[in-house]
Amino acid sequence: MSGPTAALQLHDHGVAVITLQNPPVNALHPKLLESLFTCLAEAQASREVKAIVITGDGGLFSAGFDIAVFTQQSGGGIDRTVNDKLCTLVEDGPKPTVAAIEGIALGGGCEVALACNARVCTPGTKLGLPELQLGILPGFGGTQRLPRLVGLQKACEMMLTSQPVTAQAAAQLGLVDAVVPHDELLSVAKQVALDIADGRTARLMTLYRTDKLPPLPEALMIINFAKAQSTKRAPQLRHPQLCLDAVHTGVAFGGQAGLVKEQEAFAEAASLDTHKALVHIFFAQRATKRVKGVTDCGLAARPVKSLAVIGGGLMGSGIATASVLVGIQVLMKEVNAQFLQAGLDRIKANLRNRVKKGKMSQDAADAALARVSGTLEYTQFSEVDMVIEAVIEDVSLKQRIFTDLEKVCRPDAILATNTSTIDIDVVGAKTRAADRIIGAHFFSPAHVMPLLEIVRTSKTSKQVVLDTLEYGSQIRKTPVVVGNCTGFAVNRVFFPYTQGACLLVDMGLDPYVIDKVIAQQFGMPMGPFRLSDLVGADIGMHVGKSYLEAFPDRVYVSKLIMGLNAANRLGEKTGQGFYKFDSNRRAVQDPALQPIVDASRRAARISIPGLEASSMTVRDIVEFIFFPVVNEGCRVIEEGIVDKPADLDVASVLAMGFPAFRGGIIKWADLLSAAYVHKRLQRWADDFAPVGLAGVFKPSRYLEKACAAGVQLGAGVNVSSQL
Ligand SMILES: C[C@H](O)CC(=O)SCCNC(=O)CCNC(=O)[C@H](O)C(C)(C)COP(=O)(O)OP(=O)(O)OC[C@H]1O[C@@H](n2cnc3c(N)ncnc32)[C@H](O)[C@@H]1OP(=O)(O)O
């Protein structure tokens, strides 16, 4: 088979079977679409063909338009005329077409199926229109045909959430006409096609159906409600509105008018930065598992079957939960029976929560729980493939544990620490096992947060990095492999985040206004001060000290966090921090914070001419806080802490909640232009030089060089090679 193509075969009784072929997911590359068009035209014209079945190769129908093409061509890379002609040939060509669907029918794949005159699928198939998660909208007629098949409300929900439906739900909704076993898929689809051709079954053309559409006033209410909901959820996003505009035109003026509007709306969405950002994140997230010098050198990963977790606290029990959920046997070790029981109870509670939320059955939760055993000894440690230590951040305690582990574990067992602040080399300093010691930095809650930061030292073996990557995939995390430095990649890049916000408060801005700008207008899940309350001001101060030691040239020490510590306003855990918290953990503004803010401002005495608080715009606030984060990201790239710049984008999205629709921290800077980021940082460095804070903003070498060379920050090594 050569490249993306469609294959035409004539089967018995005059049924032409066209098979989409483009492994691994039969993505609709323009070449495949062209080939599909040629096959369809041939089948439609052939005297020997009575009916047509479209199916996919390798047990999958299609994952939709080839997303890689979006990165290569402007305007979405979709040829409208091919698309129009193709769907017309499928839907109302002389011979009926039926889709035989297995595995997935997503995006354009689902839309080709929607244009068919009937659809048959196998159990386990997922169908949906997830285009909005890529910053576009369905562009092969999905905005018109889906509402006509499943009803307007359900169609809006499916498109706005990007969530596919199961085969069973699709049958109930009328999205498919039959669900049949794998062995019968093709024969049933062929029979349905012949039944239509012979007039035994009515030939339905989805675009012209109106039976599932509500009367116009009701339809408009549904669309307007969906628009309002979508604005409330993500006011920054335009493409959901464009999608609903296309739906609106279709229900008000008919499917053909709707198709024209859909194409216009698609082209507009495809031209926006949101689309570029989301496509970037789609590929970047899948690329984190490919690490130079580790995954490309012929080594085979060893899956983890049994794991020991040391420490049953919040992190340890979360790690254990994530592992038992995917079938790994877990041995949890604690120092006494009471702590052990508390750890096991936490795992039980985590699983119970999942059952309550409908994420798993009680039977599956029971089976998962049966995979955990508790111990106070090291006796069974000789049996495990991997150990993850998750005790408190105490260097000598961790060193003792690793010395013990070296003695009790198999010589090939992976020894991991979940530290977030301690140098991995120091943790293993008293052992001779440095080649199998690695950081496995989880984010809290460990069984929920999707990122696993894998920290390798200069001594960690490739095999151990590969195995830990494999473990990350096993527990369904997105792994990012990083180097060993203060804060590793994620926390290090984000240390200027709260720092910049504190500096703004000391300059006169209201902390609650800053939080609103960063959360509601920029799109972070919460602002820096709400985040500080979640993490705890005590932890903030402790971590701040380690950054001050490591990077004294660029740390601003505000009295704000110290003031909170002195007043025992540590955040959620003490009921008050920047905010005060009611019994439902709801954060409300607290006037009692003001004296702490005033004291911090008096101590800071920062006043920069031209940078008065009252003159700062939303854009100023956002850039003042995030450009130093970008700058630190540049240093991390230059030092080779990350394998590739896009890893930082993924990490910032998955661990810090940086908006995916902005592409992650480095992609966002590139979309704004590195030169612009550089210019603003340099200006602030000059402005703040008189108060001794130039270092907080001074553009990094990597940023300087990228600008000088006119290359993107995301270019990585290409920039470094020009340094
Ligand atoms: C005009 C139209 O309306 C526009 C469109 O159709 S836009 C496309 C809409 N479709 C989508 O958004 C589906 C995107 N894909 C997915 O959700 C998931 O990849 C999936 C459910 C199909 C498979 O998931 P999973 O089994 O976990 O495998 P996953 O690693 O994600 O994908 C396997 C490979 O296929 C690639 N791939 C998946 N969907 C693709 C697509 N639509 N185009 C190009 N490549 C795709 C992935 O990049 C990955 O490549 P890699 O192995 O080189 O990293």
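Numbering of ligands and ligand atoms starts at 1, following listing order.
When only interatomic distances are considered, the shortest N/O to N/O separation between Gly139 and ligand 1 falls below 3.5 Å. Considering backbone and side-chain N/O atoms, Gly108 comes within less than 3.5 Å of an N/O atom of ligand 1. By the 3.5 Å distance cut-off applied to N or O atoms, Val25 is not counted among the residues near ligand 1.
Side-chain polar atoms of Thr122 and Thr125 form a donor-acceptor pair below 3.5 angstrom. At a cut-off of 3.5 Å, with distance as the only test, no side-chain donor of Thr5 or Gln21 sits close to an acceptor on the other residue. Using modelled atom types, one finds a donor on one side chain and an acceptor on the other under 3.5 Å when comparing Thr478 with Gln285. In this structure, a donor-acceptor pair under 3.5 Å is absent between the side chains of Gln9 and Thr19. A donor-acceptor pair shorter than 3.5 Å can be found between the side chains of Gln463 and Asp467. Under the 3.5 Å distance criterion, with hydrogens and angles disregarded, a donor-acceptor pair is assigned to the side chains of Asn350 and Thr321.
For ligand 1, the atoms closer than 4.0 angstrom to any heavy atom of Ile104 are 22 (C). Atoms of ligand 1 lying under 4.0 Å from at least one heavy atom of Pro130, given by number and element, are 10 (N), 11 (C), 12 (O). Each of the atoms 2 (C), 3 (O), 4 (C), 5 (C), 6 (O), 7 (S) of ligand 1 lies under 4.0 Å from some heavy atom of Glu131. Counting atoms of ligand 1 from 1 in the listed order, those under 4.0 Å from a heavy atom of Leu134 are 7 (S), 8 (C), 12 (O). Set against the non-hydrogen atoms of Pro138, the atoms of ligand 1 under 4.0 Å away are 3 (O). With ligand atoms numbered from 1 in the order given, ligand 1 contributes 41 (C), 43 (N), 44 (C) to contacts under 4.0 Å with heavy atoms of Ala27.
Taking 4.0 Å as the cut-off between side-chain N and carboxylate O, Asp643 and Lys292 count as a salt-bridged pair. Salt-bridge check for Asp211 with Arg148: failed, with every basic side-chain N at 4.0 Å or more from each acidic carboxylate O.
Within the 4.0 Å heavy-atom cutoff, Lys126 does not count among the residues contacting ligand 1. Ligand 1 lies less than 4.0 angstrom from a heavy atom belonging to Pro24.
Nearest-residue assignment for atom 10 (N) of ligand 1 (options Ala63, Gly107, Ala270; heavy-atom criterion): Ala63. Selection from Phe283, Phe266, Phe282 by nearest heavy atom to atom 15 (N) of ligand 1 gives Phe282. Proximity annotation for atom 8 (C) of ligand 1: of Phe70, Phe140, Phe65, Phe65 comes nearest, heavy atoms only.
Without hydrogens or angle criteria, Thr460 side chain to Ile438 main chain gives no donor-acceptor distance under 3.5 Å.
Residue-level proximity to ligand 1 for Arg290 is carried by the side chain, the only part with a heavy atom below 4.0 angstrom.
Note that Arg286 lies in the cation-pi zone of Phe282, set by a 6.0 Å cut-off to the ring centre and a 45° limit from the axis.
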